[in-house]
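Everything below concerns the one structure shown next.
Keep in mind that what you see is a predicted model, and the values were worked out from it rather than measured.
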Amino acid sequence: MTGKRENSAGPGTRLAAAGRRPEWTGPVVNPPVWRASTHLYESTAALKAGTAQNEDGRFFYGRRGGPTQWALADALTALEPGAAGTMLYPSGVAAISSALMAVLNPGAVLLMADNVYDPSRAVGRSLLGQFGIETRFFDPLDLAAYEASFCERTRAVLLEAPGSLTMEMCDIPALAAIARSRGAVSLIDNTWASALGFPALERGCDIAIMSLTKHVGGHSDLMMGSASAGAELYGVLRHHAQLLGHVVSPDDAALALRGLRTLGVRLERTAASALVIASWLEQQAQVARVLCPMLPSDPGHALWKRDFTGSCGLFSFILKDADEAARARFIDALELFGIGYSWGGYESLVVPVDPAFARSVMAWPPHGLAQQDCRGVRLAIGLEDPEDLIADLDQAFRAMES
Ligand SMILES: *Cc1c(COP(=O)(O)O)cnc(C)c1O
(Lines give C-alpha, C1' and ligand atoms only; values in the text may rest on other atoms or scores of the structure.)
Protein backbone atom coordinates (compact mmCIF):
# COMPACT_ATOMS: atom_id res chain seq x y z
CA MET A 1 0.00 0.00 0.00
CA THR A 2 2.88 2.37 -0.56
CA GLY A 3 2.86 2.01 -4.33
CA LYS A 4 3.00 4.92 -6.74
CA ARG A 5 -0.70 5.06 -7.45
CA GLU A 6 -1.66 5.36 -3.78
CA ASN A 7 0.93 8.09 -3.19
CA SER A 8 -0.25 10.30 -6.03
CA ALA A 9 -3.94 9.77 -5.26
CA GLY A 10 -5.95 12.20 -3.14
CA PRO A 11 -6.20 11.75 0.65
CA GLY A 12 -9.67 10.17 0.53
CA THR A 13 -8.52 7.55 -1.95
CA ARG A 14 -5.38 6.85 0.05
CA LEU A 15 -7.38 6.55 3.28
CA ALA A 16 -9.69 3.99 1.67
CA ALA A 17 -6.84 1.80 0.38
CA ALA A 18 -4.21 2.18 3.11
CA GLY A 19 -3.08 -0.92 4.98
CA ARG A 20 -5.38 -3.36 3.20
CA ARG A 21 -2.76 -5.83 2.01
CA PRO A 22 -4.44 -8.98 0.67
CA GLU A 23 -2.19 -11.20 2.77
CA TRP A 24 -3.55 -9.53 5.92
CA THR A 25 -7.17 -8.93 5.00
CA GLY A 26 -7.85 -12.11 3.01
CA PRO A 27 -11.15 -11.87 1.14
CA VAL A 28 -12.78 -9.37 3.53
CA VAL A 29 -12.74 -5.56 3.48
CA ASN A 30 -11.37 -4.69 6.92
CA PRO A 31 -8.20 -6.25 8.34
CA PRO A 32 -9.58 -8.80 10.85
CA VAL A 33 -8.72 -8.69 14.55
CA TRP A 34 -5.89 -11.18 14.78
CA ARG A 35 -5.30 -12.00 18.45
CA ALA A 36 -2.19 -13.92 19.37
CA SER A 37 0.75 -14.16 21.69
CA THR A 38 2.38 -17.47 20.80
CA HIS A 39 3.56 -18.62 17.40
CA LEU A 40 3.58 -22.43 17.19
CA TYR A 41 6.43 -23.88 15.17
CA GLU A 42 6.52 -27.22 13.43
CA SER A 43 9.95 -28.19 14.71
CA THR A 44 12.88 -26.97 16.79
CA ALA A 45 14.63 -26.10 13.54
CA ALA A 46 11.70 -23.88 12.49
CA LEU A 47 11.65 -22.30 15.96
CA LYS A 48 15.35 -21.52 15.68
CA ALA A 49 14.98 -20.06 12.20
CA GLY A 50 11.98 -17.98 13.30
CA THR A 51 13.84 -16.63 16.32
CA ALA A 52 16.76 -15.48 14.20
CA GLN A 53 14.54 -13.24 12.08
CA ASN A 54 13.25 -9.89 13.20
CA GLU A 55 11.46 -8.13 10.40
CA ASP A 56 8.13 -6.45 9.77
CA GLY A 57 5.36 -8.69 8.52
CA ARG A 58 6.75 -11.88 10.03
CA PHE A 59 4.86 -13.15 13.05
CA PHE A 60 7.26 -14.19 15.80
CA TYR A 61 5.61 -13.44 19.15
CA GLY A 62 2.73 -11.16 20.09
CA ARG A 63 4.93 -8.39 21.47
CA ARG A 64 6.15 -7.58 17.97
CA GLY A 65 2.57 -7.20 16.78
CA GLY A 66 0.57 -9.16 14.26
CA PRO A 67 -1.33 -8.53 11.03
CA THR A 68 -3.92 -6.15 12.56
CA GLN A 69 -1.27 -3.88 14.08
CA TRP A 70 0.87 -4.11 10.94
CA ALA A 71 -2.11 -3.12 8.79
CA LEU A 72 -2.58 0.03 10.89
CA ALA A 73 1.13 0.87 10.90
CA ASP A 74 1.26 0.28 7.16
CA ALA A 75 -1.74 2.54 6.60
CA LEU A 76 -0.17 5.36 8.65
CA THR A 77 3.09 4.99 6.71
CA ALA A 78 1.18 5.22 3.43
CA LEU A 79 -0.38 8.50 4.59
CA GLU A 80 2.93 10.13 5.57
CA PRO A 81 4.93 11.02 2.45
CA GLY A 82 8.60 10.21 3.01
CA ALA A 83 7.98 7.61 5.74
CA ALA A 84 9.52 4.14 5.48
CA GLY A 85 7.73 2.80 8.54
CA THR A 86 5.55 3.58 11.57
CA MET A 87 5.82 2.34 15.14
CA LEU A 88 2.70 2.06 17.29
CA TYR A 89 2.69 2.86 21.02
CA PRO A 90 0.09 2.40 23.77
CA SER A 91 -0.52 6.18 23.97
CA GLY A 92 0.58 9.44 22.42
CA VAL A 93 2.78 10.17 25.42
CA ALA A 94 4.41 6.74 25.05
CA ALA A 95 5.18 7.61 21.42
CA ILE A 96 6.76 10.93 22.45
CA SER A 97 8.82 9.57 25.37
CA SER A 98 9.95 6.48 23.45
CA ALA A 99 10.91 8.38 20.30
CA LEU A 100 12.89 10.89 22.37
CA MET A 101 14.67 8.11 24.28
CA ALA A 102 15.48 6.41 20.97
CA VAL A 103 17.39 9.40 19.59
CA LEU A 104 19.01 10.77 22.79
CA ASN A 105 21.91 9.50 24.87
CA PRO A 106 23.22 10.54 28.31
CA GLY A 107 24.93 13.92 28.07
CA ALA A 108 22.80 15.04 25.12
CA VAL A 109 20.78 18.26 25.06
CA LEU A 110 17.19 18.29 23.79
CA LEU A 111 15.73 21.58 22.61
CA MET A 112 12.01 21.61 23.30
CA ALA A 113 9.62 24.22 21.95
CA ASP A 114 8.14 26.06 24.93
CA ASN A 115 4.58 25.55 23.70
CA VAL A 116 4.52 21.76 23.35
CA TYR A 117 1.93 19.57 25.06
CA ASP A 118 2.55 19.86 28.79
CA PRO A 119 3.15 16.12 29.44
CA SER A 120 5.91 16.29 26.80
CA ARG A 121 7.55 19.00 28.90
CA ALA A 122 7.36 16.66 31.90
CA VAL A 123 9.01 13.87 29.87
CA GLY A 124 11.90 16.22 29.16
CA ARG A 125 12.29 17.61 32.65
CA SER A 126 11.72 14.44 34.59
CA LEU A 127 12.16 11.18 32.65
CA LEU A 128 14.95 12.28 30.33
CA GLY A 129 16.67 14.05 33.22
CA GLN A 130 16.93 10.70 35.02
CA PHE A 131 19.03 9.44 32.11
CA GLY A 132 21.38 12.43 32.08
CA ILE A 133 19.68 14.18 29.16
CA GLU A 134 19.18 17.92 29.52
CA THR A 135 16.05 19.63 28.18
CA ARG A 136 16.17 23.32 27.28
CA PHE A 137 13.04 25.23 26.31
CA PHE A 138 13.02 27.75 23.46
CA ASP A 139 10.53 30.17 21.90
CA PRO A 140 9.72 28.62 18.49
CA LEU A 141 8.70 32.05 17.15
CA ASP A 142 12.21 33.45 17.73
CA LEU A 143 14.40 31.79 15.09
CA ALA A 144 17.53 33.73 16.04
CA ALA A 145 17.35 32.74 19.72
CA TYR A 146 16.62 29.15 18.68
CA GLU A 147 19.63 28.99 16.42
CA ALA A 148 21.80 30.52 19.14
CA SER A 149 20.65 27.89 21.63
CA PHE A 150 22.32 24.99 19.79
CA CYS A 151 25.50 23.64 21.36
CA GLU A 152 27.82 20.73 20.66
CA ARG A 153 25.64 18.41 22.74
CA THR A 154 22.32 19.26 21.03
CA ARG A 155 21.04 16.03 19.49
CA ALA A 156 17.32 16.56 19.02
CA VAL A 157 14.57 19.19 18.78
CA LEU A 158 10.91 18.62 19.72
CA LEU A 159 8.40 20.77 17.87
CA GLU A 160 4.62 21.07 17.81
CA ALA A 161 2.38 23.28 15.66
CA PRO A 162 0.20 25.00 16.44
CA GLY A 163 1.35 25.40 20.03
CA SER A 164 -0.50 23.42 22.68
CA LEU A 165 -3.37 25.46 24.23
CA THR A 166 -2.01 28.79 22.88
CA MET A 167 -2.10 27.82 19.18
CA GLU A 168 0.91 29.83 17.92
CA MET A 169 2.04 28.85 14.44
CA CYS A 170 5.81 28.60 13.97
CA ASP A 171 7.97 28.17 10.89
CA ILE A 172 8.43 24.39 11.05
CA PRO A 173 10.40 24.02 7.78
CA ALA A 174 12.91 26.65 8.98
CA LEU A 175 13.19 25.17 12.49
CA ALA A 176 13.66 21.65 11.07
CA ALA A 177 16.23 22.84 8.50
CA ILE A 178 18.30 24.52 11.22
CA ALA A 179 18.18 21.35 13.32
CA ARG A 180 19.33 19.29 10.37
CA SER A 181 22.19 21.68 9.58
CA ARG A 182 23.35 21.25 13.20
CA GLY A 183 23.17 17.46 13.04
CA ALA A 184 20.14 17.25 15.35
CA VAL A 185 17.06 15.07 14.79
CA SER A 186 13.80 17.02 14.58
CA LEU A 187 10.67 15.41 16.00
CA ILE A 188 7.24 16.95 15.64
CA ASP A 189 4.07 16.23 17.58
CA ASN A 190 1.74 16.40 14.57
CA THR A 191 -1.45 15.40 16.37
CA TRP A 192 -3.33 18.61 15.48
CA ALA A 193 -3.03 18.52 11.69
CA SER A 194 -2.17 14.82 11.12
CA ALA A 195 -0.28 13.85 7.98
CA LEU A 196 -3.32 14.94 5.94
CA GLY A 197 -3.01 18.56 7.08
CA PHE A 198 0.75 18.75 7.48
CA PRO A 199 3.05 16.28 5.71
CA ALA A 200 5.75 16.70 8.35
CA LEU A 201 8.53 14.61 6.84
CA GLU A 202 8.06 16.28 3.47
CA ARG A 203 8.39 19.65 5.24
CA GLY A 204 11.77 18.66 6.67
CA CYS A 205 11.03 16.96 10.01
CA ASP A 206 12.72 13.63 10.76
CA ILE A 207 10.11 11.93 12.97
CA ALA A 208 6.35 12.62 12.84
CA ILE A 209 4.46 11.70 16.01
CA MET A 210 0.71 11.53 16.54
CA SER A 211 -1.58 10.76 19.42
CA LEU A 212 -3.94 8.39 17.60
CA THR A 213 -6.21 8.76 20.62
CA LYS A 214 -7.38 12.01 19.03
CA HIS A 215 -8.33 12.24 15.34
CA VAL A 216 -7.38 8.81 14.08
CA GLY A 217 -9.36 6.94 16.73
CA GLY A 218 -11.90 9.71 16.37
CA HIS A 219 -14.54 8.30 18.72
CA SER A 220 -13.08 8.88 22.21
CA ASP A 221 -12.80 5.16 22.91
CA LEU A 222 -9.16 4.19 22.54
CA MET A 223 -5.62 5.26 23.49
CA MET A 224 -2.70 4.93 21.06
CA GLY A 225 0.25 6.78 19.58
CA SER A 226 2.46 6.53 16.51
CA ALA A 227 5.84 7.68 15.21
CA SER A 228 6.69 7.61 11.49
CA ALA A 229 10.13 8.14 9.97
CA GLY A 230 12.42 7.43 7.02
CA ALA A 231 14.27 4.11 6.84
CA GLU A 232 17.20 4.82 9.15
CA LEU A 233 15.28 6.46 12.00
CA TYR A 234 12.43 4.00 11.64
CA GLY A 235 14.99 1.28 12.39
CA VAL A 236 16.10 3.18 15.50
CA LEU A 237 12.50 3.68 16.68
CA ARG A 238 11.67 0.03 16.07
CA HIS A 239 14.71 -1.21 17.96
CA HIS A 240 13.90 0.93 21.00
CA ALA A 241 10.17 0.17 20.97
CA GLN A 242 11.02 -3.52 21.04
CA LEU A 243 13.42 -3.00 23.94
CA LEU A 244 10.79 -1.06 25.85
CA GLY A 245 8.26 -3.79 25.13
CA HIS A 246 5.68 -1.58 23.43
CA VAL A 247 2.76 -3.31 21.79
CA VAL A 248 -0.84 -2.24 21.14
CA SER A 249 -3.81 -4.57 21.27
CA PRO A 250 -5.16 -5.87 17.96
CA ASP A 251 -8.66 -4.82 19.05
CA ASP A 252 -7.55 -1.21 19.49
CA ALA A 253 -5.60 -1.34 16.22
CA ALA A 254 -8.75 -2.48 14.40
CA LEU A 255 -10.72 0.39 15.99
CA ALA A 256 -8.03 2.88 14.98
CA LEU A 257 -8.08 1.53 11.41
CA ARG A 258 -11.85 1.95 11.34
CA GLY A 259 -11.45 5.53 12.54
CA LEU A 260 -8.78 6.19 9.97
CA ARG A 261 -11.12 5.50 7.04
CA THR A 262 -13.24 8.56 7.89
CA LEU A 263 -10.37 10.79 9.10
CA GLY A 264 -10.50 12.99 5.99
CA VAL A 265 -14.21 13.80 6.10
CA ARG A 266 -14.21 14.28 9.88
CA LEU A 267 -11.26 16.68 9.74
CA GLU A 268 -12.82 18.64 6.90
CA ARG A 269 -16.12 18.98 8.71
CA THR A 270 -14.72 19.85 12.14
CA ALA A 271 -12.23 22.33 10.63
CA ALA A 272 -14.98 24.06 8.66
CA SER A 273 -17.21 24.28 11.75
CA ALA A 274 -14.28 25.52 13.85
CA LEU A 275 -13.61 28.34 11.41
CA VAL A 276 -17.27 29.44 11.47
CA ILE A 277 -17.32 29.34 15.28
CA ALA A 278 -13.94 31.05 15.69
CA SER A 279 -15.05 33.84 13.33
CA TRP A 280 -18.25 34.27 15.35
CA LEU A 281 -16.31 34.36 18.63
CA GLU A 282 -14.07 37.12 17.25
CA GLN A 283 -17.16 39.35 17.04
CA GLN A 284 -18.28 38.79 20.62
CA ALA A 285 -17.79 41.48 23.27
CA GLN A 286 -16.92 38.83 25.90
CA VAL A 287 -13.88 37.66 23.90
CA ALA A 288 -10.48 39.37 24.16
CA ARG A 289 -8.78 37.25 21.49
CA VAL A 290 -9.34 34.10 19.46
CA LEU A 291 -6.26 31.88 19.10
CA CYS A 292 -6.80 30.03 15.84
CA PRO A 293 -4.34 30.00 12.91
CA MET A 294 -7.14 29.42 10.37
CA LEU A 295 -8.44 32.96 11.07
CA PRO A 296 -7.03 35.56 8.65
CA SER A 297 -6.53 37.91 11.63
CA ASP A 298 -4.28 35.39 13.45
CA PRO A 299 -0.54 36.24 13.47
CA GLY A 300 0.22 32.66 12.40
CA HIS A 301 -2.25 32.62 9.51
CA ALA A 302 0.30 33.22 6.73
CA LEU A 303 2.54 30.38 7.94
CA TRP A 304 -0.45 28.06 8.33
CA LYS A 305 -1.55 28.86 4.78
CA ARG A 306 1.94 28.38 3.40
CA ASP A 307 2.76 25.06 5.09
CA PHE A 308 -0.50 23.31 5.97
CA THR A 309 -3.07 21.67 3.72
CA GLY A 310 -5.64 21.29 6.48
CA SER A 311 -6.53 21.77 10.12
CA CYS A 312 -9.02 20.47 12.64
CA GLY A 313 -11.63 21.52 15.17
CA LEU A 314 -9.29 22.48 18.03
CA PHE A 315 -8.63 26.11 18.98
CA SER A 316 -8.68 28.42 22.00
CA PHE A 317 -9.90 31.87 22.93
CA ILE A 318 -9.36 34.30 25.80
CA LEU A 319 -12.24 35.80 27.73
CA LYS A 320 -12.27 39.57 28.15
CA ASP A 321 -12.05 40.85 31.68
CA ALA A 322 -13.33 37.61 33.19
CA ASP A 323 -12.33 36.25 36.57
CA GLU A 324 -12.11 32.59 37.46
CA ALA A 325 -15.74 32.47 38.62
CA ALA A 326 -17.03 34.09 35.42
CA ARG A 327 -15.16 31.58 33.29
CA ALA A 328 -16.54 28.72 35.36
CA ARG A 329 -20.09 30.12 34.92
CA PHE A 330 -19.52 30.22 31.16
CA ILE A 331 -18.14 26.69 30.88
CA ASP A 332 -20.64 25.16 33.29
CA ALA A 333 -23.53 26.71 31.32
CA LEU A 334 -22.51 24.99 28.07
CA GLU A 335 -24.86 22.15 27.19
CA LEU A 336 -23.44 20.75 23.95
CA PHE A 337 -19.77 20.81 25.02
CA GLY A 338 -18.55 18.13 27.40
CA ILE A 339 -16.08 19.31 30.02
CA GLY A 340 -13.08 17.09 29.55
CA TYR A 341 -9.55 16.58 28.28
CA SER A 342 -8.61 15.13 24.93
CA TRP A 343 -10.15 16.06 21.58
CA GLY A 344 -10.49 14.72 18.05
CA GLY A 345 -13.67 12.75 18.80
CA TYR A 346 -17.05 13.27 17.13
CA GLU A 347 -18.34 15.24 20.13
CA SER A 348 -17.48 18.80 21.17
CA LEU A 349 -15.43 19.41 24.31
CA VAL A 350 -14.34 22.40 26.39
CA VAL A 351 -11.65 22.96 29.02
CA PRO A 352 -10.39 26.06 30.84
CA VAL A 353 -6.75 26.76 29.95
CA ASP A 354 -4.18 28.65 32.00
CA PRO A 355 -0.95 28.04 30.09
CA ALA A 356 1.29 30.22 32.27
CA PHE A 357 2.29 27.20 34.41
CA ALA A 358 3.39 25.33 31.28
CA ARG A 359 5.65 27.99 29.79
CA SER A 360 9.28 28.80 30.59
CA VAL A 361 10.11 31.48 28.02
CA MET A 362 6.92 32.48 26.16
CA ALA A 363 4.57 35.11 27.59
CA TRP A 364 1.04 34.57 28.91
CA PRO A 365 -1.27 36.41 28.46
CA PRO A 366 -0.01 36.99 24.90
CA HIS A 367 1.55 40.35 24.04
CA GLY A 368 -0.94 43.16 23.65
CA LEU A 369 -3.43 41.80 26.19
CA ALA A 370 -4.00 43.16 29.67
CA GLN A 371 -3.25 40.99 32.71
CA GLN A 372 -6.96 40.62 33.52
CA ASP A 373 -7.50 39.14 30.03
CA CYS A 374 -5.76 35.86 30.66
CA ARG A 375 -8.54 33.30 31.23
CA GLY A 376 -8.34 30.90 28.33
CA VAL A 377 -10.91 28.45 27.03
CA ARG A 378 -10.11 25.63 24.63
CA LEU A 379 -12.80 24.24 22.36
CA ALA A 380 -12.65 20.95 20.50
CA ILE A 381 -15.33 21.22 17.84
CA GLY A 382 -17.04 17.97 16.97
CA LEU A 383 -19.48 16.91 14.27
CA GLU A 384 -22.53 18.68 15.70
CA ASP A 385 -24.12 21.43 13.60
CA PRO A 386 -22.12 24.65 14.02
CA GLU A 387 -25.28 26.79 14.37
CA ASP A 388 -26.28 24.74 17.40
CA LEU A 389 -22.83 25.08 18.93
CA ILE A 390 -22.90 28.86 18.38
CA ALA A 391 -26.33 29.11 20.00
CA ASP A 392 -24.97 27.15 22.96
CA LEU A 393 -21.92 29.44 23.29
CA ASP A 394 -24.21 32.46 23.02
CA GLN A 395 -26.49 31.35 25.87
CA ALA A 396 -23.42 30.49 27.99
CA PHE A 397 -22.04 34.04 27.52
CA ARG A 398 -25.35 35.36 28.80
CA ALA A 399 -25.21 32.98 31.76
CA MET A 400 -21.66 34.17 32.46
CA GLU A 401 -22.83 37.78 32.68
CA SER A 402 -25.89 37.13 34.81
C1 LIG B 1 -3.37 14.19 23.78
C2 LIG B 1 -2.08 14.63 23.20
C3 LIG B 1 -0.94 13.87 23.34
C4 LIG B 1 -0.91 12.62 24.20
O5 LIG B 1 -1.65 11.61 23.67
P6 LIG B 1 -2.25 10.45 24.61
O7 LIG B 1 -2.69 9.46 23.58
O8 LIG B 1 -3.35 11.06 25.40
O9 LIG B 1 -1.13 9.95 25.46
C10 LIG B 1 0.20 14.31 22.75
N11 LIG B 1 0.24 15.45 22.04
C12 LIG B 1 -0.84 16.20 21.88
C13 LIG B 1 -0.72 17.45 21.08
C14 LIG B 1 -2.03 15.83 22.46
O15 LIG B 1 -3.11 16.60 22.32
Could you tell me if the side chain of [Y] sits less than 4.5 Å from the side chain of [X], heavy atoms only?
| X | Y | value |
| --- | --- | --- |
| M167 | P293 | yes |
| L336 | L334 | no |
| T38 | L40 | yes |
| D392 | Q395 | yes |
| N105 | I133 | no |
| L263 | L196 | yes |
| C170 | L159 | no |
| Q69 | P250 | yes |

Is there a donor-acceptor contact under 3.5 Å from the side chain of [X] to the main chain of [Y]?
| X | Y | result |
| --- | --- | --- |
| D139 | L141 | yes |
| E282 | A278 | no |
| R375 | V353 | no |
| Q283 | W280 | no |
| Q53 | G50 | no |
| H301 | L295 | yes |
| T135 | G124 | yes |
| D373 | A288 | no |

To the nearest 0.5 Å, what is the distance between [atom1] on [X] and [atom2] on [Y]?
| X | Y | atom1 | atom2 | answer |
| --- | --- | --- | --- | --- |
| S226 | L88 | OG | CG | 7.0 Å |
| L165 | L314 | CG | CG | 8.5 Å |
| R266 | Y346 | CZ | OH | 11.5 Å |
| M87 | H240 | CE | NE2 | 12.0 Å |
| S211 | D189 | OG | CG | 8.0 Å |
| T86 | L212 | OG1 | CG | 9.0 Å |

Legend entry - Derivation and outcome, side chain to side chain contact (heavy atoms under 4.5 Å, CB included), residues V157 and F150: CA-CA 10 Å; V157 176; F150 278 81; 3.8 Å; yes

Compare every heavy atom of [Y] with every heavy atom of [X], then report the nearest pair and how far apart it is.
| X | Y | answer |
| --- | --- | --- |
| S91 | A94 | OG-N, 3.0 Å |
| G368 | R289 | C-NH2, 4.0 Å |
| A399 | A333 | CB-CB, 3.6 Å |
| R121 | M112 | CA-SD, 3.6 Å |
| W70 | G65 | CZ2-O, 3.4 Å |
| L158 | I96 | CD2-CG2, 4.4 Å |

Inset, instruction - Check ring-ring contact (aromatic ring centres under 6.0 Å, His included) between H246 and all other residues, then give those that pass, not counting sequence neighbours. - result: Y89

Inset, instruction - Look at the rings of F330 and F317 and say which category their plane angle falls in: under 30° parallel, 30 to 60° tilted, over 60° perpendicular. - result: perpendicular

Show every donor-acceptor pair shorter than 3.5 Å between a side-chain atom in residues 379-387 and any protein atom, with sequence neighbours excluded, or say none if there are none.
residue: E384; atom: OE1; partner: S348; partner atom: OG; Å: 2.8
residue: E384; atom: OE2; partner: S348; partner atom: N; Å: 2.9
residue: D385; atom: OD1; partner: R269; partner atom: NH2; Å: 3.4

Going by an N to O cut-off under 4.0 Å, is there a salt bridge joining [X] and [Y]?
| X | Y | result |
| --- | --- | --- |
| D251 | R35 | yes |
| R21 | D74 | yes |
| R136 | D114 | no |
| D56 | R238 | yes |

Around atom [atom1] of [X], are there more than 12 heavy atoms of other residues, nucleotides or ligands at under 6.0 Å?
| X | atom1 | value |
| --- | --- | --- |
| R258 | CZ | no |
| R125 | CZ | yes |
| E55 | CD | yes |

Inset, instruction - Please determine if K320 forms a cation-pi arrangement with F397, meaning its NZ or CZ atom is less than 6.0 Å from the six-membered ring centre and no more than 45° off the ring axis. - result: no

Inset, instruction - Establish, for the pair R378 and F315, whether the NZ or CZ atom is under 6.0 angstrom from the six-membered ring centre and no further than 45 degrees off its axis. - result: no

Legend entry - Intermediate values then yes/no, side chain to side chain contact (heavy atoms under 4.5 Å, CB included), I331 and I339: CA-CA 8 Å; I331 290 176; I339 302 171; 3.8 Å; yes

Legend entry - Distance-only polar pair, side chains of Q372 and D323, donor-acceptor under 3.5 Å: no

Legend entry - Between E347 and S220: side-chain donor-acceptor atoms closer than 3.5 Å: yes

Partners of [X] by salt bridge (Lys or Arg N to Asp or Glu O under 4.0 Å), sequence neighbours excluded?
| X | value |
| --- | --- |
| R180 | D206 |
| D221 | none |
| D394 | R398 |

Legend entry - Verdict with reasoning, D354 to R327, per salt bridge (Lys or Arg N to Asp or Glu O under 4.0 Å): CA-CA 11 Å; D354 295 296; R327 179 174 62 181; 2.7 Å; yes

Legend entry - Residue pairs involving residues 144-164 (criterion side-chain hydrogen bond (donor to acceptor under 3.5 Å, both in side chains); sequence neighbours excluded): E134-R153

Inset, instruction - Please test F198 against T309 for side chain to side chain contact (heavy atoms under 4.5 Å, CB included), starting from the C-alpha separation and ending with a verdict. - result: CA-CA 6 Å; F198 184 71; T309 53; over 6 Å; no

Legend entry - Output field: ring centroids W192/H215 closer than 6.0 Å: no

Inset, instruction - Please report the C-alpha distance between R359 and T166 in whole Å, then the side-chain angles of each, then the deciding distance to 0.1 Å, and finally whether the side-chain hydrogen bond (donor to acceptor under 3.5 Å, both in side chains) criterion is met. - result: CA-CA 10 Å; R359 297 290 181 270; T166 45; 2.8 Å; yes

Inset, instruction - Apply side chain to side chain contact (heavy atoms under 4.5 Å, CB included) to M101 and V123, showing your working. - result: CA-CA 10 Å; M101 288 182 76; V123 166; over 6 Å; no

